[in-house]
Amino acid sequence: MQFWDELINTALLGTDKRPVTGMTLPGPLAAAAEAINGREGTDREEQFLQLASVALNFRQSGHIPLQGGDIHMTRAEEESLPYCSIQSLRLLKDILADEHTSLLHYWLLQCAAARRVVPPDWVPLLLNRAADRKLLRSPVMVVSGRRGEWLSRLNPAWQFSLAPREGEDIWQTGTAEQRKTFLRQLRQTDPSGARTLLIQSWPQENANGRTELLKQLSGTVIPEDQEWLMSLLTDKSQKVKDEARELLLQLPGSPVVLQHWETVRPAVILKKEKALLGMISKTTLYVEGAGSTDFQLLIGYIPPVYWEEHLGANPQTIIGFFQKGTDTGRYLSSLATAAVRFRDTRWALALAQHGELFHADLLELLPVKQQDEYCLSFFSQNVEAVIEHVRQREGEWSFELARTVLKHTARNPYHFNIHFYKENLLHIPRSIIMELAACAPPEDHLRAMWQGISEQIGKWVDLKQQTQIVFNG
Amino acid sequence: MNLSEDQVLALAPDDSSHKSGRDLSAPGKWVSKGANEKAVWGECQGSGAKPYQTQVDLGNLAFKCSCPSRKFPCKHGIGLLLLRARHPKEFTVMEEPAWVAEWLSKRNEKEEKRAEKKDKPVDEAAQARRQQARQQKVGDGLEELSRWVRDIIRNGLVNIPEKGAAFWENMARRMVDAQAPGLAARVRGLGEVNFYAEGWQTRFLDRLLKIYLVIQGYKNLDQLPESLRQDIRMLVGFTQSQEELKTQTGVRDDWFVLAKKVSEEDQLTVERNWLYGLRTQRYALVLQFFARNQVPGISFTPGMVADATLVFYPSSLPLRALVKEQHLTRDPVRPGGYSGWQDVIVRETQYNSIYPFADEYPCIVSELTPVSHQNGWWLRDREGRMMPIRGNDGAIWQLLSISGGSALSMSLIGKENEYEPVGVWYNQEYKIL
């Protein structure tokens, strides 16, 4: 449309600077231009406006669509799974309107478990939500089905949904974060394989990279790692040496641990003593020549099982020794640290059941039922730690735990506002709904706030239950 | 008439009503409910002792509720219709109770009275003087506008993007003073061009030239055919009496609501409803204007089919219409449409030869496939012809997802080289984009 471009150029510069005549016009327009320019008494502005008006209609009436030729679109494959029901989509609509991420996650998981997919008009909405929230990405891709796979290939913002790269590929070419994640995951399934990969790439890693990758082995150290980790104790980088040492301190029987044990063992002794004017004898634990913070730290490096052989007793009895010994109660938290370090579930259970202290880290080693009991026993003295732990857990809280938590949070609405309940909805059991009124605080103004919150909780729990029903019958 | 959930939720005046309406769609919230072909009704327990009585006239989609809310429709109306859409079996078909029958009866009486109302006798001489005065005012105003337009052309468009809002607003107000509100809106439209977008020069010049054409048309009104004269007067801002229009016979048809676009103009909400007559195959545009927090006279929901009589404003290309009478709403059916872009552009050429002022037209085109080309999205017809898509990202992704790369029938709004898909038929259902 050269004629239109010429008109635009004239319009941009203005008729003061650029003449209207002399344009290259197609036949019909040229005839109109001749007639317009030939009229007497018509100034340049008028000539331009008349010509441009005619040209406008000429242009807008003459548009020819592009001939597409070979331009085509790939087609999405047919879905292999059935669509989810209208009732489930209604629920989804309500959940999305409430902006409830954890409920949405729950809905997606239920839909995926029921092997259903969403109809096509829902896919972009869910992909957008997943782009904003990592938690939702995997289940969204599942419930979006083949349409979601096809659509996400067309939009870079949804590229997170592409099939994951092969492990080797990630290890060789991934970002630092991707490689760390990969190594950590591989350690769960093939710890020796993960170590081998790390050793192979070691020469190419810089000091920071080496340190960060070593950190990914924490919590999964195995005896086969010992030789290599020992070799790292002479690494040029202090950070690498420190990290290797930390890992060896997680390995019972490693030279580093044994070294600490040789320091600690002689200082911890049991003595049989007479009491009650010699009428009874009792066994008392002493920790001799110690008492410093360093010694407390050292006990935290000793595998708890060593005490059983050294003191000739079971965990419960040993805990009792430390509780009743002379100034030895302070070492109980170190025992707990050691139980966590060496992932010793027997000792974790014993400390939870018989210890008189709350050590939040023990919780992850306990079965769910014992976690609840431990939390309930120490709730009032360790509210923040308990609530922090139960928020991280998967699955619903027990009725008793839920009641205890909600009774506390109801009294602190400024700290535990509506978002707290939103985030923790999936932990709240349906059985607690009838108790919500009983959880109300005594103060009137707090009671009114709790009423509003508990209504909302009831509504969300109801949505959760309906989600279960629509997908599971 | 059965509205879908989407159609019901589209009636909500704001997000809060949306949410509250959903909360009230639970069967447990309604103490009693019922329906028949004329109406739906229910009693909803609120915080007071007496439940709120809510009713919906299904013929005209009108609402009434005893709650104190000023929103229209209120959350109870939304909730009741949503409940009916989700759980139709909850509603026993029965004779309406007295409180519903009374309301329906009053509504019928009002309609009959309107139809019987006689025109007040008009002082024709005074009217003629007023018209003369207005024509003079408009003429003077258009002279000033003409000089303003010519100044812009003389000085060039290159500095137009730097003009402040006052440059446009001052002339727009001058047009309002000259009783030419149609041109005032078009002058404001010049200032609303996105000067940062590619092609702003064409968009601006197009709008300016249309203003020029209206001015020239008005100056030479006597030489124009009657229908084009009406167009020019309408474009300047002369109004047509709706009562007078409704004396026409009108066109009765089943009108499929293709799209609804809502915008704010001069503190009024303007609703553009694009309709398609299933038997007459005519397109129509019904405009409704209402103040905030009020409800339009008639509720149109895209996808619904209204058995109604429309009267068209006189025009060389009649498109704008009024609803003279609404009879019933019907279940949706899928209309036919153009077979491809060639038919659309032929139609457009024909339209432009009669009426060059339009900014957009509606159309239904069958078997269009969205395709990617030159970093944009286009619609390809079965003959391989392609037209670019205009529209927001959300609608385009929605369209792509529904299509899955397959061809679909669509309703679109646009002209020349840009069309916006507004609805698509998929699996016997009309999906609003």
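The structure presented is a predicted model; accordingly, all values stated were derived computationally and were not measured. So you know, we letter chains A, B, ... as the sequences are listed, proteins then strands, and number each from 1.
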Can you name the residues of residues 38-54 of chain A that have some heavy atom under 4.5 Å away from a heavy atom in chain B?
-> A:Asp43, A:Glu45, A:Glu46, A:Phe48, A:Leu49, A:Gln50, A:Ala52, A:Ser53
Provide the closest heavy-atom pair for A:Met73 versus B:Gly405 in the form atom of the first, atom of the second, distance.
-> CG-CA, 4.0 Å
Which of A:Leu7, A:Leu56, A:Val123 touches chain B most, by non-hydrogen pairs under 4.5 Å | A:Leu56
Are any side-chain N or O atoms of B:Glu416 and backbone N or O atoms of A:His63, one a donor and one an acceptor, separated by less than 3.5 Å?
-> no
Between chain B and each of A:Lys17, A:Arg146, A:Arg59, count heavy-atom pairs under 4.5 Å; write down the option with the most.
-> A:Arg59
Provide the closest heavy-atom pair for A:Gln60 versus B:Pro356 in the form atom of the first, atom of the second, distance.
-> NE2-O, 3.1 Å
With rounding to the nearest 0.5 Å, note down the distance linking CD1 in A:Ile71 to CH2 in B:Trp378.
-> 7.5 Å
Got a second to check how far B:Leu400's CG is from A:Asn155's CG, nearest 0.5 Å?
-> 9.5 Å
What option among B:Thr349, B:Asp151, B:Leu213, B:Leu399 has the most heavy-atom pairs under 4.5 Å with chain A?
-> B:Thr349
By a 4.5 Å heavy-atom criterion (distance strictly below it), what part of B:Arg150 contacts chain A: side chain, backbone, both, or neither?
-> both
For chain B, find its close neighbours in residues 9-16 of chain A: heavy-atom separation under 4.5 Å, sorted by number, or none.
-> A:Ala11, A:Leu12, A:Leu13, A:Gly14, A:Thr15, A:Asp16
From the list B:Gln350, B:Glu383, B:Gln201, the residue making the most non-hydrogen contacts under 4.5 Å with chain A is B:Gln201
Which portion of B:Ile160 sits near chain A, non-hydrogen atoms under 4.5 angstrom = neither
What residues of residues 91-100 of chain A sit under 4.5 Å from chain B when only non-hydrogen atoms are counted?
-> A:Lys93, A:Asp94, A:Ala97, A:Asp98
Engaged part of B:Arg154 at the chain A interface, taking heavy atoms whose separation is under 4.5 Å = both
Heaviest contributor of heavy-atom pairs below 4.5 Å to chain B, chosen from A:Gln67, A:Arg75, A:Arg90, is A:Arg90
Side chain, backbone, both or neither of B:Ser403 within contact of chain A (heavy atoms, under 4.5 Å) | backbone
Answer with side chain, backbone, both or neither: which region of B:Gln216 has an atom nearer than 4.5 Å to a non-hydrogen atom of chain A?
-> side chain
Looking at B:Glu348, B:His373, B:Arg380, which has the largest count of heavy-atom pairs under 4.5 Å with chain A?
-> B:Arg380
Identify the residues of residues 421-433 of chain B whose heavy atoms come closer than 4.5 Å to a heavy atom of chain A, ordered by number, or report 'none'.
-> B:Tyr426, B:Lys431
Taking atom CD1 of A:Ile64 and atom CH2 of B:Trp341, what is their separation to the nearest 0.5 Å?
-> 14.0 Å
In terms of heavy-atom pairs under 4.5 Å, which option from B:Val158, B:Thr369, B:Asn159 contacts chain A the most?
-> B:Val158
Would you call B:Gln398 and A:Asp121 a side-chain contact if the rule is heavy atoms closer than 4.5 Å?
-> yes
What part of B:Ile402 gets closer than 4.5 Å to chain A, counting heavy atoms only: side chain, backbone, both or neither?
-> both
Contacting region of B:Pro388 [heavy-atom separation from chain A under 4.5 Å] | neither
